[in-house]
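Here is the structure we will look at.
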Amino acid sequence: MFRHEYKYFSPEYTLQALEHRVGAVMHRDSHVGEQGFYAIRSLYFDDMYNTCYHENENGTDPREKFRIRIYNCSQERITLELKQKQRGKTFKQSCPLSLSRCRTIMTGGIPDVQDSDCFLYKKLWTQLHVRQLHPVVIVSYERVPYIWKDGNVRVTFDRNIRSSSNISAFFDETMPSRSVLPSGTNLLEVKFDAFLPDFLYEILQTGTLRETAFSKYFLCRKYALPGGVRRIYDYI
């Protein structure tokens, strides 16, 4: 099912106030550990023409991109995901990915597909061949997620968004990385299916949130490409 997904840049002091409001009425995701958040790290793909990057910048509709995602730098749960954007809504498909296949892809190889029954992996395998898709950037951040059953609502507070081009360090807890947002600025995301309950809409109103159409992938690649350090602030 395609879902609504809205993203907002916010000063940290506003984000903290919103988190107090949201935490009073919504349930924190059960996967959050003792720290109160979990660390997300995603390895994104693109082709030699940077098609995914330019489609995001130009607002191409529809568009899609592959990523490999892990949590808390763990090798125990590795997920291959395909995120699609169409008519302002998003749809995500996912399937497990073995550590051996992940490491082969990280080093520029193409693992065998014959013993896989995952359609998503077979689609990636095809694009690795045909489009010469390859890993281009690592996006990492810490997330505090809240959920509400009605409307399948998910409100997340994403902080310390960082970028790295060192693909080989994907599982490394001490991976060198650099922030892609101005100091004190972080990201709020609001996701839901058919509707957002009125009371949730009301508590999210501050008058200072700045909606963005750009993804974390775009911001992190913008930082890494020539001229990106100087121009990334144009998008926030």
Side-chain angles (χ1 to χ4, degrees), residues 1-19 21-23 26 28-29 37-42 44 46 52-67 69 81-94 137-148 151-163 179-197 200-224 228 231-236:
M1 175 184 293
F2 279 87
R3 286 164 55 81
H4 298 273
E5 181 175 295
Y6 297 98
K7 305 174 185 179
Y8 304 91
F9 293 118
S10 172
E12 177 58 25
Y13 62 84
T14 302
L15 216 61
Q16 289 183 15
L18 281 174
E19 191 170 352
R21 294 185 196 174
V22 169
M26 298 181 70
R28 186 173 289 189
D29 191 304
F37 64 86
Y38 51 74
I40 294 178
R41 192 171 288 183
S42 298
Y44 283 89
D46 211 337
C52 293
Y53 169 81
H54 291 301
E55 285 182 346
N56 193 289
E57 184 174 41
N58 297 328
T60 302
D61 190 358
R63 63 180 183 269
E64 64 181 24
K65 55 180 176 285
F66 278 98
R67 69 189 180 200
R69 174 162 287 188
E81 299 181 347
L82 177 64
K83 194 167 185 180
Q84 299 169 302
K85 187 89 171 182
Q86 184 174 340
R87 297 180 181 179
K89 296 182 180 181
T90 61
F91 178 65
K92 186 175 72 175
Q93 302 178 70
S94 63
V137 71
I138 297 171
V139 177
S140 61
Y141 53 96
E142 285 84 49
R143 166 166 285 178
V144 181
Y146 292 88
I147 56 176
W148 185 261
N152 191 20
V153 181
R154 191 172 179 85
V155 177
T156 60
F157 299 84
D158 297 339
R159 296 180 171 90
N160 199 18
I161 302 172
R162 305 179 306 281
S163 170
S179 177
V180 299
L181 294 179
S183 178
T185 299
N186 289 299
L187 193 68
L188 169 73
E189 294 191 2
V190 182
K191 306 172 187 178
F192 55 95
D193 289 346
F195 67 95
L196 179 67
L200 290 179
Y201 172 82
E202 291 174 0
I203 66 172
L204 291 171
Q205 301 309 302
T206 67
T208 61
L209 297 179
R210 293 170 290 167
E211 186 174 358
T212 177
F214 297 111
S215 66
K216 298 184 187 73
Y217 161 78
F218 173 83
L219 294 174
C220 288
R221 288 221 65 201
K222 187 72 179 178
Y223 201 104
R231 295 182 55 199
I232 191 170
Y233 301 108
D234 297 341
Y235 296 92
I236 58 176

Original post:
Checking side chain to side chain contact (heavy atoms under 4.5 Å, CB included) for the pair Lys216/Asp158: CA distance, chi angles, key distance, verdict?
Top reply: CA-CA 10 Å; Lys216 298 184 187 73; Asp158 297 339; 3.0 Å; yes
**OP:** Start with the C-alpha distance between Gln93 and Phe91, add both sets of side-chain angles, then the distance that settles side chain to side chain contact (heavy atoms under 4.5 Å, CB included), and finish with yes or no.
**Re:** CA-CA 7 Å; Gln93 302 178 70; Phe91 178 65; 3.3 Å; yes
Subject >> Verdict with reasoning, Phe37 to Arg143, per side chain to side chain contact (heavy atoms under 4.5 Å, CB included) >> reply: CA-CA 5 Å; Phe37 64 86; Arg143 166 166 285 178; 5.9 Å; no
Subject >> Verdict with supporting geometry, Arg159 and Glu142, salt bridge (charged side-chain N to carboxylate O under 4.0 Å, His left out) >> reply: CA-CA 5 Å; Arg159 296 180 171 90; Glu142 285 84 49; over 6 Å; no
Original post:
How far apart are the C-alpha atoms of Met26 and Val155, what are their side-chain angles, what is the distance that settles it, and do they pass the side chain to side chain contact (heavy atoms under 4.5 Å, CB included) test?
Top reply: CA-CA 9 Å; Met26 298 181 70; Val155 177; 3.9 Å; yes
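Among all heavy-atom pairs drawn from Pro145 and Arg154, the shortest one is CB-NH2, 3.6 Å. When all heavy atoms of Lys65 and Cys52 are compared, the closest pair comes out as CB-SG, 4.1 Å. Of all heavy-atom pairs between Asn56 and Ala213, the closest is OD1-O, 4.2 Å. Closest approach of Ser163 and Cys220 over heavy atoms only: OG-O, 3.3 Å. Contact between Gly151 and Phe195 at its shortest, heavy atoms only, is N-CZ, 3.6 Å.
Note: Thr90 OG1 to Lys85 NZ = 6.0 Å, rounded to the nearest 0.5 Å. Annotation: the span from Leu188 atom CG to Thr14 atom OG1 amounts to 10.5 Å, rounded to 0.5 Å. Taken to the nearest 0.5 Å, the CZ atom of Arg67 stands 5.5 Å off from the NZ atom of Lys92. The CG atom of Asn152 lies 8.5 Å from the CE atom of Met1; values are rounded to the nearest 0.5 Å. Taking CG of Leu209 as the reference point, atom OH of Tyr6 lies at 14.0 Å (rounded to 0.5 Å). Put simply, NZ on Lys191 and CD1 on Ile147 are 13.0 Å apart, with the number rounded to the nearest 0.5 Å.
Each of Leu181, Thr212, Leu187 was evaluated against Leu219; a single residue qualifies, Leu181, per the side-chain contact (heavy atoms from CB on, under 4.5 Å) test. Between Tyr141 and the choices Ile161, Asn186, Val180, the side-chain contact (heavy atoms from CB on, under 4.5 Å) rule is met once, by Ile161. For the pairing with Arg63, the side-chain contact (heavy atoms from CB on, under 4.5 Å) check across Gln84, Lys83, Glu55, His54 returns one residue only, Glu55.
Between Tyr44 and Tyr217, the two ring planes are tilted [angle within 30° to 60°]. Using cut-offs of 30° and 60° for the angle between ring planes, the Tyr146 and Phe157 rings count as perpendicular.
Using a 3.5 Å distance cut-off with no hydrogens or angles, the side chains of Arg69 and Ser42 do pair a donor with an acceptor.
In this structure a side-chain-to-backbone donor-acceptor pair under 3.5 Å is missing from Asn160 to Ser179. Between the side chain of Asp61 and the main chain of Arg87, a donor-acceptor pair closer than 3.5 Å is present. In this structure, the side chain of Asp46 engages the main chain of Tyr53 through a donor-acceptor pair within 3.5 Å.
Residues Glu12 and Ser183 fail the side-chain proximity criterion, which asks for heavy atoms closer than 4.5 Å. The shortest distance between side-chain heavy atoms of Ile40 and Val139 does not fall below 4.5 Å.
With a 6.0 Å radius and a threshold of 12 heavy atoms from other residues, nucleotides or ligands, Tyr201 has its OH atom at or below the threshold.
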